[in-house]
2 protein chains.
Amino acid sequence: MIETQPDARPYSPGLEGVVAAETALGYVDGERGRLLYRGYRIGDLVERGTYPAIANLLWTGDWDPDHHLPTSPVPAAVMTALRALPAAAKPMDALRTAVSVWGAAQTLDWPPTPEQARALTAFSPSALAAFARLRRGLEPVEPDSSLDLVPGFLYQLNGERADAATARALDAYFIVGAEHGLNASTFTARVITSTRSDLASAVVGAIGALKGPLHGGAPSEVVEQIHNAGSPANAEKWVRETIAKGDRLMGFGHRVYRAYDPRAAALRKVAESMEHKPDWLELAIAVEDVALRVLAELHPERALKTNVEYYAAPVLMGVGLTPDLFPATFALARHAGWTAHVIEQAGANRIIRPDARYTGPAERDLPA
Amino acid sequence: MIETQPDARPYSPGLEGVVAAETALGYVDGERGRLLYRGYRIGDLVERGTYPAIANLLWTGDWDPDHHLPTSPVPAAVMTALRALPAAAKPMDALRTAVSVWGAAQTLDWPPTPEQARALTAFSPSALAAFARLRRGLEPVEPDSSLDLVPGFLYQLNGERADAATARALDAYFIVGAEHGLNASTFTARVITSTRSDLASAVVGAIGALKGPLHGGAPSEVVEQIHNAGSPANAEKWVRETIAKGDRLMGFGHRVYRAYDPRAAALRKVAESMEHKPDWLELAIAVEDVALRVLAELHPERALKTNVEYYAAPVLMGVGLTPDLFPATFALARHAGWTAHVIEQAGANRIIRPDARYTGPAERDLPA
């Protein structure tokens with residue numbers, strides 16, 4: 001009988017601080033509150049781009065503000081699978097299933113390409129919209145190829161075209177959600193790709209990772225808090241009472257960002273420029289102003305700034321989405337980043353296969 | 001404009017040699033040719049256990065050689081999705097989809113449990129067998145609850161019970177495939193779990209990772225080579241010609257194992273003990289004997305020993321599986337390990353979120 005070998009190598013739980021990939025796609029600077037996609041500031045991209053243009057930038061490196069990408073039809077096999085799901089199925093599970101069927105119904109050659117990424121990114125909003133209607137007993141709506149991806153998604157969700165300001169607000173949300181370095185879901189997509197598996201397998205895995213509340217968040221909690229604030233006039237009273245009770249203000253503070261989250265800043269700007277702000281946005285802006293002032297007054301030593309989740313909630317509510325669709329809508333937005341990382345990983349590939357440290361029993365005989 | 005920060009931290013491509021988890025499940029000792037599950041030698045486990053007993057050992061730590069696990073029925077939503085797939089869909093894609101629908105059709109509470117693992121491990125063989133029949137125009141076969149998991153799978157695949165020796169050979173394959181430390185698919189399952197996502201999402205991601213030929217291998221190449229050898233009498237001539245041509249002998253050599261792969265040894269032992277060896281097994285044993293002798297003679301300096309893939313092919317062919325079902329059958333076997341790692345990860349969880357090194361352009365303005 002031989003003992004198992006002791007393993008004295010360093011181990012950083014969660015791989016915190018461990019470099020696991022090189023990327024030219026996204027740069028996150030938490031100290032200064034900067035987020036760059038291929039070197040371009042997120043604020044500039046929201047101001048001058050659309051989601052399809054930003055997705056194309058991530059996939060190809062080319063900046064073409066006129067790049068269009070309409071949503072694409074849902075293949076019959078996917079629609080059959082979505083119809084078979086219970087209405088109570090989680091939208092993330094439905095989206096994961098739809099992408100799996102989409103991948104199963106075709107051959108996705110190696111290496112993954114921008115064309116494959118484009119096709120998947122155009123498909124998923126149609127699939128999620130179809131499931132969102134089916135579970136309410138409504139028939140899915142065919143894509144309108146004259147609409148770009150985000151207004152097309154809203155059209156297929158609601159059966160009518162959204163006004164320009166609403167579509168613009170959701171487009172901004174999609175842009176700021178498109179990419180954020182090596183988070184858990186993007187890392188999952190890269191690990192799967194590293195085995196030379198296909199693009200659909202990688203995104204299916206990424207959706208599964210984003211489904212976890214430690215990653216995809218709990219947006220309904222932000223919704224509930226803003227709702228509880230009641231009205232702009234009541235905001236200060238509500239904020240002070242909430243903090244006095246010892247409750248956490250949802251949507252403030254971030255692991256990486258010590259400065260104001262540039263994604264929240266970009267979303268707020270789009271929200272404020274809307275001619276007719278939905279009540280949700282107006283209330284969120286009022287609550288945020290008060291919350292930042294009160295947090296700075298009570299905790300001047302802590303850098304508690306607004307994070308992207310805070311503005312995601314009112315924007316998504318403002319455009320008419322129910323909270324249980326928020327995580328899957330985040331997944332639609334992140335398609336651009338996931339697929340861009342898949343392409344990047346495949347371009348300089350090496351199988352991602354770390355070691356484990358064995359902590360179990362030494363070699364032993366089975367009980368007699 | 002601020003420059004992006006140079007990042008001088010070490011980076012090991014593929015995370016090679018980086019410890020990314022602690023595990024008490026599997027111990028791989030490549031130098032000495034040892035594989036332990038919770039301390040028990042793989043050879044002993046094959047000799048005295050069945051796949052359900054080994055799966056239970058991995059999930060719970062308890063050794064109960066009488067633990068049984070029959071296959072379970074395929075829920076209606078899954079069957080509908082499988083029927084909707086094209087017959088040409090890859091079995092791995094069909095299995096990935098089946099597990100995704102299975103997860104979508106129920107609530108899988110956190111944390112993942114041995115009961116959840118058991119339910120999924122019992123479901124997947126039925127789903128793969130159903131798809132394997134549907135694509136041939138045959139109706140699926142209901143589970144026979146009097147059969148244990150591996151003979152149950154063969155029954156649902158073929159519509160008749162396998163003889164005991166055949167079932168035993170495939171059971172041995174399932175046991176040696178159940179667990180192998182932190183490979184790419186198991187790591188994928190742990191990353192997904194680390195976000196507090198659910199067991200089905202983790203296994204869906206793992207299947208996607210195993211689908212890649214750098215991980216799941218190319219078993220059809222072993223099949224083709226053994227087929228080309230023709231007969232035991234022709235084996236030596238074929239081996240010498242193949243090496244002389246500069247072709248690689250598939251199924252020999254392994255990244256980790258310098259000694260004889262203990263999984264191959266266990267499979268060979270089961271194969272040799274069969275009263276009526278299928279032609280495939282007999283030929284494989286003959287070719288292996290010759291190949292090891294010739295490789296040692298021509299390359300005494302290289303430790304080219306039989307690997308598990310070599311014996312997986314003839315065992316799977318011998319029990320009547322077609323080569324395009326091999327990767328998905330490997331995935332069925334690995335369910336025990338994947339789900340055990342999911343449970344272990346959840347038990348001491350921290351989100352797995354490594355860093356990326358940014359190699360892209362410095363901050364810049366969008367073109368005018």
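Just so we're on the same page: letters track the sequence lines, and every chain starts at 1. Basis for what follows: all heavy atoms, side chains included, without hydrogens, waters or symmetry-related copies.
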Aromatic plane relationship, B:W63 with B:Y40 - under 30° parallel, 30 to 60° tilted, over 60° perpendicular: tilted

Taking every heavy-atom pair that is under 4.5 Å apart, which of A:L214, A:L366, A:T97 has the most such pairs with chain B? A:L366

Heavy-atom contact with chain A under 4.5 Å, split by part of B:P75: neither

Can you tell me which portion of A:P10 sits under 4.5 Å from chain B's heavy atoms? Options are side chain, backbone, both or neither. backbone

From the list B:D7, B:L82, B:N349, B:T80, the residue making the most non-hydrogen contacts under 4.5 Å with chain A is B:T80

Give, as side chain, backbone, both or neither, the part of B:R38 having an atom under 4.5 angstrom from any heavy atom of chain A. both

With a 4.5 Å limit on heavy-atom distance, are the side chains of A:L58 and A:I343 in contact? no

Leading residue by heavy atom contact count with chain A [cutoff under 4.5 Å; candidates B:D198, B:N183, B:L85]: B:D198

Residue, of B:G360, B:A21, B:A89, that accumulates the most heavy atom pairs under 4.5 Å with chain A: B:A21

Measure A:R96 against the heavy atoms of chain B and call it side chain, backbone, both or neither at under 4.5 Å. both

Option that, when pairs with chain B are counted at under 4.5 Å, heavy atom only, ranks first among A:G61, A:S12, A:P13: A:P13

For A:R334, is there an ion pair with A:E179 - N to carboxylate O distance below 4.0 angstrom? no

Stepwise side chain to side chain contact (heavy atoms under 4.5 Å, CB included) check, B:I352 with B:Q345: CA-CA 10 Å; B:I352 299 176; B:Q345 174 70 34; 4.1 Å; yes

Tell me the closest heavy-atom pair linking A:L95 and A:A331, and the distance in Å. CD2-CB, 3.7 Å

Cut-off 4.5 Å, heavy atoms of chain A, and the answer for B:L25 is backbone

Side-chain ion pair, B:D365 and A:R48, N-O less than 4.0 Å: no

Using a 4.5 Å cut-off on heavy atoms from C-beta on, say whether the side chain of A:V18 contacts that of B:L15. yes

So what's closer than 4.5 Å to chain A heavy atoms on B:P367: side chain, backbone, both or neither? both

With a 4.5 angstrom heavy-atom cut-off, could you sort out which part of B:F187 is near chain A: side chain, backbone, both or neither? side chain

Please rank A:S201, A:A206, A:G14 by heavy-atom pairs under 4.5 Å with chain B and give me the top one. A:G14

Chain A: which of B:V101, B:D355, B:I192, B:L182 shares the most heavy-atom pairs with it under 4.5 Å? B:D355

Interface check, chain A: of B:G208, B:A84, B:G39, most non-hydrogen pairs under 4.5 Å belong to B:G39

Spatial distance of atom OG (A:S197) from atom CE (B:M92) [nearest 0.5 Å]: 7.5 Å

Give the ring-plane orientation class for A:Y27 versus B:Y358, where under 30° counts as parallel, over 60° as perpendicular and anything between as tilted. tilted

Presence of salt bridge, A:R34 and B:E363, under 4.0 angstrom: yes

Residue A:P86 versus chain B: region with a heavy atom under 4.5 Å: side chain

Looking only at heavy atoms and a cut-off of under 4.5 Å, which of B:A77, B:A81, B:A20 has the most pairs with chain A? B:A20

Checked A:A189, A:A94, A:P213 vs chain B; the most non-hydrogen pairs under 4.5 Å come from A:P213

Without hydrogens or angle criteria, can the side chains of B:T23 and B:E344 be said to hold a donor-acceptor pair below 3.5 Å? yes

